Structure formats: C-alpha cells, structure tokens
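Chain identifiers are assigned alphabetically (A, B, ...) following the order of the sequence lines, protein sequences preceding nucleic acid strands; residue numbering begins at 1 within each chain. These figures come from a predicted structure and were not determined experimentally.
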2 protein chains.
Amino acid sequence: MAGQPATPSGQDRLLKFKSLERGPSLPQEIVASLTGALLAGELRPGDRLPSEQALATEFGVARTVVREAISQLKYDGIVQSRVGVGAFIAQPQERTAFRISPACFKKRKELLKLLRLRNGVVIEAAADAALARSNRDIARMEAILKEMREAIGDREHGAERHFEAERQLIHVIAKVADNEHALNFVVMIDSQIAEKLRSVAVKNTKATELAAAAIEEQVRLVEAIKRGDPVAAREKARKHYDNAAQRLADRADLADV
Amino acid sequence: MAGQPATPSGQDRLLKFKSLERGPSLPQEIVASLTGALLAGELRPGDRLPSEQALATEFGVARTVVREAISQLKYDGIVQSRVGVGAFIAQPQERTAFRISPACFKKRKELLKLLRLRNGVVIEAAADAALARSNRDIARMEAILKEMREAIGDREHGAERHFEAERQLIHVIAKVADNEHALNFVVMIDSQIAEKLRSVAVKNTKATELAAAAIEEQVRLVEAIKRGDPVAAREKARKHYDNAAQRLADRADLADV
DNA sequence: TTAATCAGGTTGTCAGACAGCCTGCGGGCG
DNA sequence: CGCCCGCAGGCTGTCTGACAACCTGATTAA
C-alpha cells in the first residue's frame, strides 16, 4: 500500500477533528485541525490526545505524518508527551513560541489588535533609537523619507514604493534600537501583515493626501530621533503608528466582527 | 537493527554540525544543532541543507528523526523545502514564529533587551486597560496589590508570593486591555523568564525596601488605570516596568557581556 | 545547435517492527 | 480483608525499507 493516494479510502467517514482535503502537506493539515480543535475549546489544557496510532487511523494517514504534526505542537509547547503514557495539551503558560494565526487577517478587530501589539514594540524601539542613533542611522532614515516623497510622484509604482519604504523605516528603527529580539519580532509580524495585506495597503496609500500626512508624521518621528529626544520619539511614533494602524484597518476589506 | 542503541557505532567520527550526547529527544538535538549552525553563520539564508539521508547518516539517526527536526524548522519558517529538490534556509522575513533562545538568559544584556521588548507591549496594554477597565477589573487589581502588601510581612514565602503577584498583575492588565495577542505574547515571555529566573527574582524581592518601592509604583499604575487615564497609565507602567527590568537584570547572576 | 530523454537524487508518504516506559488489573501473600 | 508484586497491554521514540511524484543535469538523438 506504500505510496497509495494520500486521500485514502475511508476518508468520507466522520472525522473527529476535521477532514483533510489535500493541498498543503498532511502534517500541516493535522496541525491545523488540532489547533482548530484547541481554539474551539474541544481540546483543553490537561486533556490527553488520542494515541498516535488512533490519530493516524482517524485522519487516514501514516503514523509518521501524525508524529510530525505532534512534534511541531510539542516544539511550541502546546502539547507535551510522556513515553509510555501519551501526549497532553499543555497549559497556556507553557508555550514557548508566539505565532500569528491566519484568523488574525479575517476580522478587522483582530488585525487592529495585532497592529497595536506591534506598535507597542515599535514605540519603545523608537525611544531607544533616539538614544542610540548614529549619524549614519539618521542618514539612512532620511533616505527612506526621501524615497517616500519621491514615491508620491510615481503614479505607477508609487503606492508600492511607499508601502515598502514605511516597512523599511520600521525595520531601521528596530535595528538602531539595538534590540535583536524586538527586531525579530517586528520583522516577523510585519512580514506576515505585508504578505496578507499588501494589496489592501497599497490601495490605501493610493490616496495621495493620506500618504502626504503619513510622511509628515514620519518626518516628525525621525526628527525626534535625530534630536536624541526619546520622549518626543515615543510620542511621534505613537501618533504615526496608531494612525497608520487605524487607516489600514479601516480600509482593509475584512469582516466587521 | 530496529531499536538499536540510539547512539550508534559511528558516532565518534567528526560531525559537521555538532555531536549528539543523548538526553533530550533526538529531533530536538538536531534542531538545536541546526539552529546553532544558523546562529553561528555557518548556515545562511538561501543555503541548501544536506539531504535528509545525508543528515541522518551524519547525525547517526534514522531519517524519520531528521524529518521531525526539519519539520519543526519548516513550521517556524526557518526552512523551506521543495519536493525533488531539497530544503533551504529561508530569508529572515519569512519567519512565522517568534521564540526565545535559551541564550537570552545567559547574558545580562540579552535579558534586559528581552524585558524591554516585553515592557513595550505591557506599557501600551496598560493604556488600553485604562480605557477598557471595569469595576470588576479594578477590584482584581487591587486584590493583587493587597496580596503584595501582605507578602511583605510573610518572612517565609513572602518573596515568592510577591513575585507571583507581580506576574498576576501583568497578566490582568493584558487581559483587561482586551488584546489576546498581547496577552499570549506577554504570558509566553513572562513564563519563560519566570521559569529560568524564578530563584534570582525571588532573592531579588527579599530586599524589603525594594519590594516596598515596587509596590508603590504599581499602586500608582493601578490608580491611573482606575482613573481611566491612559497617558498616566503609560507613564506609570513605564516607570515601574523599566525599574523592575533594571533591578532584575542587575541582580541576575549573568555574564556581563 | 537544439530538443527530447533519461538517470539519479530528493522530498513526501506509507508500512511494519522493536525497545523502553507506564498504567491498571489480578492474583498471591500477610 | 488489605497490601504488594508481577504481568499484560498500550504508548511513545526510534529504526528500517519501500515507493510515488518531482526536479535537475547530463546524455543522446534529431
């Protein structure tokens, strides 16, 4: 039976967690199914998972596939397993990783929350950057601002360029703040947002008057960093990034839940 | 050969990445070895990993073990694989998860950066909490403050109780701010720190005068939240958590790198 | 020279096996 | 009757071998 079609015979029977439709890899789908059950409250901390064998049968896959899925969940501290006993859903405070569920990009409210999380980090990073900036850093930031201004005139790719420049500025700020953890975090969240919402964000900046206002906000922010004024940097950063988040969330065509 | 001792015959030969000593699970060790190579710059974005077979031979394990390790790295977006081609180190902006390396708890500077990252989130959460708090929330926070005060008198477990109460307050603030992402994030970081540094932190609060000052800072924070004053909440939160981070990092017996 | 073909390597999945560990049950002993 | 020991069964962790689908690069044919 090796190499049989991965959508096996018994697939139309009722599955406990969720059916697999083929597309992404099988372990991935099982992870999604299990985390879904967790989110839905069908699986709660302390619960024991079915045995790997049972899950394999239920999902209609080989045990190795189930093991890969569970190994990913273990890596995040979502489940813990004990030899000879079984695998258990861990307590929330046992988690060792932070990751963004795709659901964040479905609802306007969720997206806003995600952006507010990111903003908290960026705002403090801006203050740190104001204390640690070098002339070279300032030059780099001003080059980014210049790129933004030039982008306004570019009718074709202007919005795209503006969008990228805004991201660049955030990354530079996090880098200047000299905090790799913050940098990693911001880059991670920002990339995910960019990937899922690039088109919306670009449409967003098409409104030139919005872009001009956004640039002005960022100019003030860079000025504060240049002055070495952490209090002002925080204030300007909060002003800009809160506005930007609001603008993006307002525009994003998401469910209003 | 099934079930043979997992430290196989050829294990004393030179390994490219790092030798396995047995202890944690084999996939875990391989993940550590690979991420170590990544950190050390021996593996860079775009590089191709050796084939699963080759890695299995090199590490002296079965291919399934290597697959589990790689599947974890794929889950984090650190590695991407293409059927028939191989597995590649992804670009940093492709990461989909944020996790804390154990190295953070080795160096004072790293720990401080981690705390500053957390603080950014907590500070903004405090402001949000000031806008969203209910009477019930306030009552909960004040109960926590009361617990802190009482803990001061407890010579035996006082420090421990104080430590837990401080964590509680952070979690409540994040919860009241009504931002699950921020809550998840803060809980994750905080639990990791608590796990690794509990003893140091407890010793830290043993100095009663420090604890009293810390409580006073947190009283002011809760008052600001109670007043519904986000600006003050931010300010008080920053004051307390920056101080707390500094105190902890100063005390923690870490390398001064 | 260019296009078709093929061989080898690689990932993804499947199947079966065994060691070591743990739990719970039942029987024997005090 | 109660307690302890031992055993059977189930579970995870690891190993082995196999095959399908796929891609790359070289060889061959037109």
Could you go through residues 83-97 of chain B and list every donor-acceptor pair under 3.5 Å that involves a side-chain atom there, pairing it with any protein atom two or more places apart or in another chain?
residue	atom	partner	partner atom	Å
B:E94	OE1	B:Q80	NE2	3.4
B:T96	OG1	B:Y75	O	3.0

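Annotation: side chain of B:S71 is not in contact with side chain of A:P27 (no heavy-atom distance under 4.5 Å). Side-chain contact between A:L55 and A:I70: present, with at least one pair of heavy atoms (C-beta onward) separated by less than 4.5 Å. Using a 4.5 Å heavy-atom threshold, the side chains of B:E150 and B:R161 count as touching.
If you take CD of B:E68 and P of D:dT12, they are 12 Å apart, rounded to a whole angstrom. Computed from coordinates, the B:R67 CZ to C:dC14 C1' distance equals 11 Å when rounded to whole Å. Protein atom CD of B:E29 is 14 Å distant from nucleotide atom P of D:dG13, rounded to whole Å. Distance CG (A:L55) to P (D:dC11): 11 Å, rounded to an integer number of Å. Here the P atom of nucleotide D:dC23 and the CD atom of B:Q80 are 16 Å apart, to the nearest Å. Spacing between atom CZ of B:F59 and atom C1' of D:dC15 amounts to 17 Å, rounded to whole angstrom units. In this structure, B:K74 atom NZ and C:dT11 atom C1' are separated by 8 Å, rounded to whole Å. Atom CD of A:Q28 is separated from atom P of C:dT13 by 10 Å (rounded to the nearest Å).
Of the candidate nucleotides D:dT14, D:dG13, C:dG12, D:dT14 has the atom nearest to the side chain of B:L26. Set against D:dT14, C:dG12, C:dT13, the side chain of A:R63 has D:dT14 as its closest nucleotide. Side-chain atoms of A:S81 lie closest to D:dT12 of the nucleotides D:dT14, D:dT12, C:dT13. Side-chain proximity of B:V65 to C:dT13, D:dC15, D:dT12: nearest is D:dC15.
Residues passing the side chain to side chain donor-acceptor pair (under 3.5 Å) test with A:E52 are A:R63, A:R67, sequence neighbours excluded.
With salt bridges taken as basic N to acidic carboxylate O contacts below 4.0 Å, one links B:E164 and B:R167.
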Review item, nucleotides 5-10 of chain C N/O atoms under 3.5 Å of protein N/O:
residue	atom	partner	partner atom	Å
C:dG9	N2	B:G84	O	3.2
C:dT10	O2	B:G84	N	3.3

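Between A:F185 and B:F98, the angle of the ring planes goes over 60°, which puts this pair in the perpendicular group of the 30/60° scheme.
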